[in-house]
Protein chains: 2
Amino acid sequence: MKYAEAKEELIQAWGNLGYSWGLNKTMAQIHALLMISPKPLSTEEIMLELSISRGNANMNIRALLDWGIVSRILVPGERKEFFKSEKDIWALARQVAKERRKRELEPILKVLREVNDVQSDGSEDTKELKRVVKDLKNFAEKSDGLLETFIKSEESWFRNVLLKIMK
Amino acid sequence: MKYAEAKEELIQAWGNLGYSWGLNKTMAQIHALLMISPKPLSTEEIMLELSISRGNANMNIRALLDWGIVSRILVPGERKEFFKSEKDIWALARQVAKERRKRELEPILKVLREVNDVQSDGSEDTKELKRVVKDLKNFAEKSDGLLETFIKSEESWFRNVLLKIMK
DNA sequence: CTAAACTTTCAATAGTTTTTGAAAGTTTCC
DNA sequence: GGAAACTTTCAAAAACTATTGAAAGTTTAG
């Protein structure tokens, strides 16, 4: 396979994976582009490579900065800003986990804790609700704990866990 | 908190969590409703509870059946179909993991394997691409392995892993 | 067979998210 | 200061996704 084709496919594929991680398509594609670029890229270059508008490029670069997975680079002697991506994919996964935990898991845990003290009137409906909330809460808290451990871990954690559980 | 309010909030919250798991909003809400209902519900009842149209209810129930997290129940003496949800949240999470693995991870692994034999022309760009593909492939394969273990596991697996890694 | 009960489909519509590009804003340099 | 180089904003347009509801299809009971 030729370089240009491989690059194209990779950006596409990473675009999809990123999407299922909660980034949006363009965000993930910019990220992919920065991942495979040996040197930092300017907004101009990103626009050109991905055929997207200046505004779109700007907004999504900002979102990536916001997520903490891309950083601004100042090249001495250049007016323009350049961007480079975190290239350690484990660090990246940890960062995404951290953001999603904050954005998704935390709000749900909050609701579950509130709903947890619903008045029990002894009816089937109330009983079932209480049971479900208890289970969900338990699940969400465990997930939260696992995520937290992952976020604070080193790459080796994952390897170690895998080795352990796969015997 | 009163039952009606708690129910409302829970459906809302579960709707959001389900969404971040890759279901869509209505799908997740129908699922939430079935989770907290002590008895199977008909399409009619679901439409009414969630104020959605017949077509919408039908399509999303079908999607839930498709994901394998809701099942059709035939009540003797009734013409209507009833639906009930898998209530074991661990089983549910495993099912969702299974579907997402099939829908998301597998296609990306396929691309990574293809892109992996890009021709190396010795340039910086090619070198960087190869390095990134190698890392991604490694990561994706490990995730795949972990997911597989999870999918085949019992609830206790999660607890055990947690205990292990949390000392 | 036929009517009633129920389910499925799908074209039209509504709603949401993403993208564009030109204008406004900012920084840097002379 | 002012012009050039660059970045940010945002209203409008385009693209995408979800929802409706009426009509078509299917199954069941008598």
Side-chain angles (χ1 to χ4, degrees), chain A residues 11-12 14-34 40-67 70-84 99-100 103-104, chain B residues 11-12 14-34 40-67 70-84 99-100 103-104:
Chain A
I11 289 177
Q12 209 52 44
W14 194 236
N16 291 335
L17 186 58
Y19 193 76
S20 72
W21 279 19
L23 316 185
N24 78 24
K25 197 182 108 238
T26 307
M27 231 173 129
Q29 286 182 346
I30 294 178
H31 182 256
L33 185 61
L34 292 175
L41 300 179
S42 67
T43 304
E44 210 73 34
E45 289 168 308
I46 292 169
M47 287 165 59
L48 216 81
E49 284 275 3
L50 300 178
S51 314
I52 58 176
S53 73
R54 184 172 300 283
N56 195 9
N58 186 274
M59 280 178 83
N60 283 292
I61 290 168
R62 196 135 41 73
L64 286 165
L65 292 170
D66 223 60
W67 276 68
V70 157
S71 50
R72 234 183 262 273
I73 298 290
L74 291 171
V75 174
E78 286 268 20
R79 286 274 291 273
K80 273 202 277 291
E81 292 179 331
F82 290 80
F83 304 94
K84 78 168 209 282
E99 286 293 328
R100 292 196 62 173
R103 288 167 203 230
E104 296 165 13
Chain B
I11 288 176
Q12 210 51 46
W14 193 237
N16 291 336
L17 186 59
Y19 193 77
S20 73
W21 279 18
L23 317 185
N24 79 23
K25 196 182 109 239
T26 308
M27 231 172 127
Q29 286 182 348
I30 294 177
H31 182 257
L33 185 61
L34 293 175
L41 300 179
S42 66
T43 304
E44 210 74 33
E45 290 167 307
I46 292 168
M47 287 165 57
L48 215 83
E49 284 275 4
L50 301 177
S51 314
I52 58 176
S53 72
R54 185 173 298 283
N56 196 7
N58 185 274
M59 280 178 84
N60 283 293
I61 290 169
R62 197 134 41 74
L64 287 165
L65 291 170
D66 222 61
W67 276 68
V70 157
S71 50
R72 234 183 263 273
I73 298 289
L74 290 171
V75 174
E78 285 268 21
R79 285 276 291 273
K80 275 203 275 289
E81 293 178 330
F82 290 81
F83 304 95
K84 78 167 208 282
E99 286 293 327
R100 293 195 61 172
R103 288 167 203 230
E104 296 165 14

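In this text, all values refer to a predicted model and were calculated from it rather than measured experimentally. Every chain is numbered from 1, with letters handed out A, B, ... down the list of sequences.
- Side-chain contact between Trp67(A) and Arg103(A): present, with at least one pair of heavy atoms (C-beta onward) separated by less than 4.5 Å.
- The shortest distance between the side-chain N/O atoms of Thr26(A) and the OP1/OP2 oxygens of dT19(C) is below 4.0 Å.
- Put simply, CG on Leu48(A) is 16 Å from C1' on dT20(C), counting in whole angstrom units.
- At a cut-off of 3.5 Å, with distance as the only test, no side-chain donor of Thr26(A) or Gln29(A) sits close to an acceptor on the other residue.
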Would you check, one step at a time, whether the test side-chain contact (heavy atoms from CB on, under 4.5 Å) holds for Thr43(A) with Met47(A)?
CA-CA 6 Å; Thr43(A) 304; Met47(A) 287 165 59; 4.2 Å; yes

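- Counting heavy atoms from C-beta outward, Arg54(A) and Glu44(A) have side chains that approach closer than 4.5 Å.
- The closest side-chain heavy-atom distance from Phe82(B) to Ser42(B) is below 4.5 Å.
- In this structure, the CD1 atom of Ile52(A) is 16 Å from the P atom of dA15(D), given to the nearest Å.
- Note: CD (Gln29(B)) to P (dA18(D)) measures 13 Å, nearest angstrom.
- Taking atom CD1 of Ile61(B) as the reference point, atom P of dA18(D) lies 17 Å away to the nearest angstrom.
- The minimum heavy-atom distance linking Ala32(A) with Trp14(A) is given by the pair CB-CD1, 3.1 Å.
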Quick one: do Ile46(A) and Leu34(A) satisfy side-chain contact (heavy atoms from CB on, under 4.5 Å)? Show the steps, please.
CA-CA 9 Å; Ile46(A) 292 169; Leu34(A) 292 175; 4.2 Å; yes

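- Residues Met27(B) and Asn60(B) are in side-chain contact: their nearest non-hydrogen atoms beyond the backbone lie under 4.5 Å apart.
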Reading nucleotides 8-17 of chain C 5' to 3', which nucleotides get B (base under 4.0 Å from a protein heavy atom), which S (sugar-phosphate only), which -?
BB--------

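- One atom, CE of Met47(B), and another, C1' of dT20(D), lie 10 Å apart when rounded to the nearest Å.
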Return the polar atom pairs (N/O with N/O) between nucleotides 25-30 of chain D and the protein under 3.5 Å, or none.
from: dT27(D); atom 1: O2; to: Arg79(B); atom 2: NH2; distance (Å): 3.3

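- Rounded to whole Å, atom P of dC6(C) lies 15 Å from atom CD1 of Ile46(B).
- When atom types are taken as modelled, the side chain of Arg72(B) and the backbone of Glu81(B) share no donor-acceptor pair closer than 3.5 angstrom.
- As a whole-Å value, the separation of Ile30(B) CD1 from dA18(D) C1' is 12 Å.
- For Leu23(B) and dT17(D), the CG to P distance is 16 Å, given to the nearest whole Å.
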